[in-house]
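First listed ligand is number 1; within each ligand, the first listed atom is number 1.
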Amino acid sequence: MSISDTTANTTAANTAANLGPYTVNRIGYGAMQLAGPGVFGPPADPDNAKAVLRHAVAAGVDHIDTAQIYGPDVVNDLIRDALHPYPEGLRLATKVGGARDAQGGWLPDGEPASLKAQVEENLRSLRVERLDLVNLRRFERDFPGAPQYDLADQLGALTALRDEGKIDMIGISNAHLDTVRAAIDLAGVVCVQNAYSVLDRTDDAIVDLCREHGIAFVPFFPLGSAFIAGGGPKHLAADEHVSAVAAKHGITASQVALAWLLARYERMLLIPGTASIAHLDENLAVGGVALDAEDLARLDKVAPLRHGS
Ligand SMILES: NC(=O)c1ccc[n+]([C@@H]2O[C@H](COP(=O)([O-])OP(=O)(O)OC[C@H]3O[C@@H](n4cnc5c(N)ncnc54)[C@H](OP(=O)(O)O)[C@@H]3O)[C@@H](O)[C@H]2O)c1
């Protein structure tokens with residue numbers, strides 16, 4: 001069955017869902033792949049990067065994930081250059097809590113004063129008065145044994161900025177189940193952004209918690225990540241169960257992975273990352289794919305592949 005054949009089966013749930021009080025298309029775009037190698041420095045072809053962004057918005061994407069530390073500055077600058085003044089209804093999600101070292105390494109930087117400075121950096125580089133969504137990026141999974149920033153202090157800094165009107169919505173990222181539960185209570189977070197895919201279901205319980213609270217789950221690494229050896233899409237294509245479902249529907253393995261996420265939870269919002277217009281179009285077409293119970297049972301057998309995040 002081809003994508004066009006399956007369009008008739010598309011439910012309204014495949015097209016849009018809530019992000020806080022707003023409605024966004026369920027297939028958004030993750031902009032991290034637009035920076036240079038290792039998300040550090042400029043891309044080889046900045047014009048292509050801007051074309052990808054414009055193409056995404058022209059195709060109906062109204063939820064783009066970014067961060068000032070992508071580059072640093074590079075990705076926010078590309079978004080601003082390509083899309084400012086931003087179209088009405090476009091939600092730009094950013095994140096705070098981390099920093100980059102001189103070699104591009106990822107470091108925790110989550111003191112409340114630093115979070116405030118990072119919000120200002122994002123306001124400046126995106127050239128907006130208010131950030132639509134700021135995810136607090138925790139490092140409890142990256143450095144499990146290390147002392148962690150106090151969650152209430154961190155969210156206190158962000159809720160104060162929300163009260164000031166510099167942030168519209170707050171989310172939580174790279175967080176354990178208990179942290180997510182606390183963040184819902186402390187700050188009314190509208191979404192969780194953790195690694196999650198058909199290859200990595202470690203956070204099944206967090207998806208279920210999001211459902212319980214009616215908040216969005218925005219998986220990063222929805223295709224298994226570019227950082228994993230060979231790239232996540234290659235692992236998806238090599239999996240016999242993913243390949244069988246792909247063949248049945250006449251779609252690609254990457255599309256199966258995205259369709260599986262859409263089927264997993266009605267407030268799952270996708271932000272697949274790509275620097276390719278062809279891949280972007282392929283990812284957007286997933287809104288027309290409906291997996292059935294037999295497909296989902298088969299995909300439960302996919303071998304896990306966890307990227308240390
Ligand atoms: N909160 C956090 O800590 C955090 C961490 C990581 C990422 N994120 C966000 O999540 C977004 C998504 O994660 P990600 O980009 O790291 O990983 P991903 O979406 O799982 O995978 C991206 C990789 O898949 C490839 N790809 C994309 N579409 C494809 C298709 N249709 N067919 C074949 N290959 C395809 C991309 O290469 P091409 O460029 O060649 O298409 C890239 O190598 C990021 O862009 C970023 O905004 C957040």
Any Y29 heavy atom less than 4.0 Å to ligand 1: no
Hey, is ligand 1 close enough to [X] that some N/O pair sits below 3.5 Å?
| X | result |
| --- | --- |
| T66 | no |
| R137 | yes |
| P233 | no |

Nearest heavy atom to [atom]: which of [options] does it belong to?
| atom | options | value |
| --- | --- | --- |
| atom 43 (O) of ligand 1 | A31, P219, A226 | A226 |
| atom 45 (O) of ligand 1 | A195, S197, G30, G231 | G30 |
| atom 4 (C) of ligand 1 | F221, F220, W106, F139 | F220 |

Salt-bridged, [X] to [Y], with N to O below 4.0 Å?
| X | Y | value |
| --- | --- | --- |
| D203 | R141 | yes |
| R181 | D178 | yes |
| E120 | K166 | yes |
| K301 | D239 | no |

Proximity of [X] to ligand 1 by residue part, where a heavy atom lies under 4.0 Å:
| X | value |
| --- | --- |
| L280 | neither |
| N283 | side chain |
| K95 | side chain |
| E282 | side chain |
| Y70 | side chain |

Just which atoms of ligand 1 are under 4.0 Å from any heavy atom in [X]?
| X | answer |
| --- | --- |
| P272 | 19 (O) |
| I271 | 9 (C), 10 (O), 11 (C), 12 (C) |
| D65 | 9 (C), 46 (C), 47 (O) |
| G224 | 20 (O) |
| Q193 | 1 (N), 2 (C), 4 (C), 48 (C) |
| Q33 | 14 (P), 15 (O), 16 (O), 22 (C), 42 (C) |

Y70 pairs by side-chain hydrogen bond (donor to acceptor under 3.5 Å, both in side chains) with which of R100, K95, Q33? K95
Polar side-chain atom of E111 near backbone of D109 as donor-acceptor pair, under 3.5 Å: no
Test side chain to side chain donor-acceptor pair (under 3.5 Å) on S254 and E282; report intermediate values, then the result. CA-CA 9 Å; S254 293; E282 189 180 313; 4.6 Å; no
Side-chain atoms of residues 51-60: list all donor-acceptor pairs with protein atoms under 3.5 Å, sequence neighbours left out, distances to 0.1 Å.
{"from": "R54", "atom 1": "NE", "to": "A82", "atom 2": "O", "distance (Å)": "3.1"}
{"from": "H55", "atom 1": "NE2", "to": "D281", "atom 2": "OD1", "distance (Å)": "2.7"}
{"from": "H55", "atom 1": "NE2", "to": "D281", "atom 2": "OD2", "distance (Å)": "3.2"}

Is the closest side-chain donor-acceptor distance between Q193 and R137 under 3.5 Å? no
Hey, does the Lys NZ or Arg CZ of R91 hover above the aromatic six-ring of Y22, less than 6.0 Å from the centre and inside 45° of the axis? yes
Starting from [atom], find the nearest protein heavy-atom neighbour and note its residue, name and distance.
| atom | result |
| --- | --- |
| atom 27 (C) of ligand 1 | G273 O, 3.1 Å |
| atom 3 (O) of ligand 1 | N174 OD1, 2.9 Å |
| atom 44 (C) of ligand 1 | M32 CB, 3.5 Å |

Does the side chain of Y196 come within less than 4.5 Å of P222's, by heavy atoms? no
Minimum heavy-atom distance between V302 and V198, given as atom pair plus value: CG1-O, 3.7 Å
Is there a salt bridge (Lys or Arg N to Asp or Glu O under 4.0 Å) between R162 and D168? Walk through the geometry before answering. CA-CA 6 Å; R162 189 174 60 188; D168 189 357; over 6 Å; no
